[in-house]
Amino acid sequence: MSREKLPRSTTSYSRIYSVVRRIPRGRVATYGQIAKLAGLPGRARQVGYALHALTSATAVPWQRVVNAAGAISLPPMNGGISQRLLLEKEGVRFDARGRIPLKSFAWRARA
DNA sequence: GCGGTGACGGTCG
DNA sequence: CCGACCGCCACCG
């Protein structure tokens with residue numbers, strides 16, 4: 001069979017999107033968590049890149065991905081506000097410091 | 001082809 | 001708990 005000489009980047013992006021699509025409504029996951037589940041441990045940044053490449057109309061619930069502190073990494077003026085509104089509409093709450101209590105809203109994926 | 005950049009995260013003080 | 005640093009690596013000029 002032909003050796004899959006596909007661009008690794010494209011493959012990684014697909015895997016990342018697949019994992020993000022699994023996040024249930026009303027729950028959030030961290031970049032690191034997504035990276036790990038996508039088979040890219042320690043490469044949280046790449047998850048950020050993959051999601052940034054998305055930006056427009058897609059079936060990927062990108063708003064459900066936040067950083068390890070439970071905060072939105074996206075700059076407020078550049079989508080951060082939208083992300084928060086989308087999450088609040090799903091029932092996700094933010095504390096006074098603008099952070100999501102991961103204790104309550106973190107998605108606990110099953111390997 | 002090289003170097004700076006960045007939707008991150010673990011560690012340290 | 002918080003800020004500063006460093007490691008990570010694909011993307012872009």
Side-chain angles (χ1 to χ4, degrees):
Chain A
M1 297 298 275
S2 59
R3 272 169 279 96
E4 309 308 308
K5 188 54 182 176
L6 294 170
R8 292 136 296 158
S9 56
T10 302
T11 304
S12 298
Y13 277 35
S14 300
R15 299 172 78 128
I16 290 170
Y17 299 149
S18 298
V19 176
V20 176
R21 272 193 222 94
R22 293 171 49 199
I23 307 173
R25 195 166 174 289
R27 293 258 153 184
V28 297
T30 68
Y31 295 92
Q33 184 182 0
I34 298 300
K36 194 171 183 179
L37 289 171
L40 301 168
R43 298 178 202 178
R45 271 190 143 146
Q46 288 317 120
V47 174
Y49 268 108
L51 295 185
H52 189 251
L54 219 38
T55 54
S56 48
T58 58
V60 182
W62 59 271
Q63 73 273 23
R64 295 176 193 152
V65 185
V66 298
N67 63 37
I72 290 176
S73 289
L74 202 56
M77 292 306 301
N78 190 30
I81 302 293
S82 302
Q83 181 173 11
R84 175 162 177 164
L85 291 175
L86 284 169
L87 288 175
E88 293 185 316
K89 236 185 296 184
E90 297 186 0
V92 175
R93 311 277 203 76
F94 289 74
D95 64 22
R97 281 147 63 214
R99 304 200 318 200
I100 301 166
L102 295 180
K103 196 99 171 195
S104 310
F105 299 100
W107 170 46
R108 290 167 301 170
R110 295 191 308 153

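Residue numbering restarts at 1 for every chain, and letters A, B, ... go by the order of the sequence lines. This is a predicted model, so every value here is computed, not measured.
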Touch class at under 4.0 angstrom, heavy-atom based, for A:Gly42 against every strand present: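 No contact at all - A:Gly42 keeps every heavy atom at 4.0 Å or more from the nucleic acid.
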Under 4.0 angstrom between A:Tyr31 side-chain N/O and C:dC9 OP1 or OP2: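 Checking A:Tyr31 against C:dC9: no side-chain N or O falls below 4.0 Å of OP1 or OP2.
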Test side chain to side chain contact (heavy atoms under 4.5 Å, CB included) applied to A:Arg25 and A:Arg64, step by step: CA-CA 8 Å; A:Arg25 195 166 174 289; A:Arg64 295 176 193 152; 3.6 Å; yes
Test item: A:Trp62 and A:Gln83 side chains (from C-beta on) under 4.5 Å apart, heavy atoms: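 A side-chain contact exists here, since the closest heavy-atom pair is under 4.5 Å.
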4.5 Å side-chain heavy-atom contact, A:Ile72 and A:Phe94: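 Side chain of A:Ile72 against side chain of A:Phe94, heavy atoms only: contact under 4.5 Å found.
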[X] [atom1] to [N] [atom2], straight-line distance once rounded to whole Å:
{"X": "A:Met77", "N": "B:dA7", "atom1": "CE", "atom2": "C1'", "value": "17 Å"}
{"X": "A:Leu40", "N": "B:dG9", "atom1": "CG", "atom2": "P", "value": "14 Å"}
{"X": "A:Leu74", "N": "B:dC8", "atom1": "CG", "atom2": "P", "value": "9 Å"}
{"X": "A:Ile23", "N": "B:dA7", "atom1": "CD1", "atom2": "C1'", "value": "13 Å"}
{"X": "A:Trp62", "N": "B:dC8", "atom1": "CH2", "atom2": "C1'", "value": "17 Å"}
{"X": "A:Lys36", "N": "C:dC8", "atom1": "NZ", "atom2": "C1'", "value": "16 Å"}
{"X": "A:Gln33", "N": "B:dC8", "atom1": "CD", "atom2": "C1'", "value": "14 Å"}
{"X": "A:Ile16", "N": "C:dC9", "atom1": "CD1", "atom2": "P", "value": "14 Å"}

Of the nucleotides [options], which has the atom closest to the [X] side chain?
{"X": "A:Arg99", "options": "C:dC2, B:dA7, B:dG9", "answer": "C:dC2"}
{"X": "A:Ala44", "options": "B:dC8, B:dA7, C:dC11", "answer": "B:dC8"}
{"X": "A:Ala68", "options": "B:dG9, C:dA10, B:dA7", "answer": "B:dG9"}

Heavy-atom donor-acceptor pair, A:Tyr17 side chain to A:Ala59 backbone, under 3.5 Å: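 Side chain of A:Tyr17 to backbone of A:Ala59: no pair is present.
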Whether A:Gln33 side chain and A:Trp107 backbone form a donor-acceptor pair below 3.5 Å: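 Checked: pair present.
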Which residue lies more 5' along DNA chain B, comparing A:Asn67 with A:Tyr49 via nearest heavy atoms: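 Its nearest nucleotide being more 5', the pick is A:Tyr49.
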Who pairs with B:dG10 - Watson-Crick or G-U, where each distance is under 3.5 Å: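 WC or wobble partner is C:dC5.
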Complement of B:dT5, any strand, by Watson-Crick or G-U distances under 3.5 angstrom: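 Here B:dT5 is engaged in a pair, and the nucleotide opposite it is C:dA10.
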5' priority, DNA chain C, between A:Arg97 and A:Arg45 [closest heavy atom]: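 Closest to the 5' end, via its nearest nucleotide, is A:Arg97.
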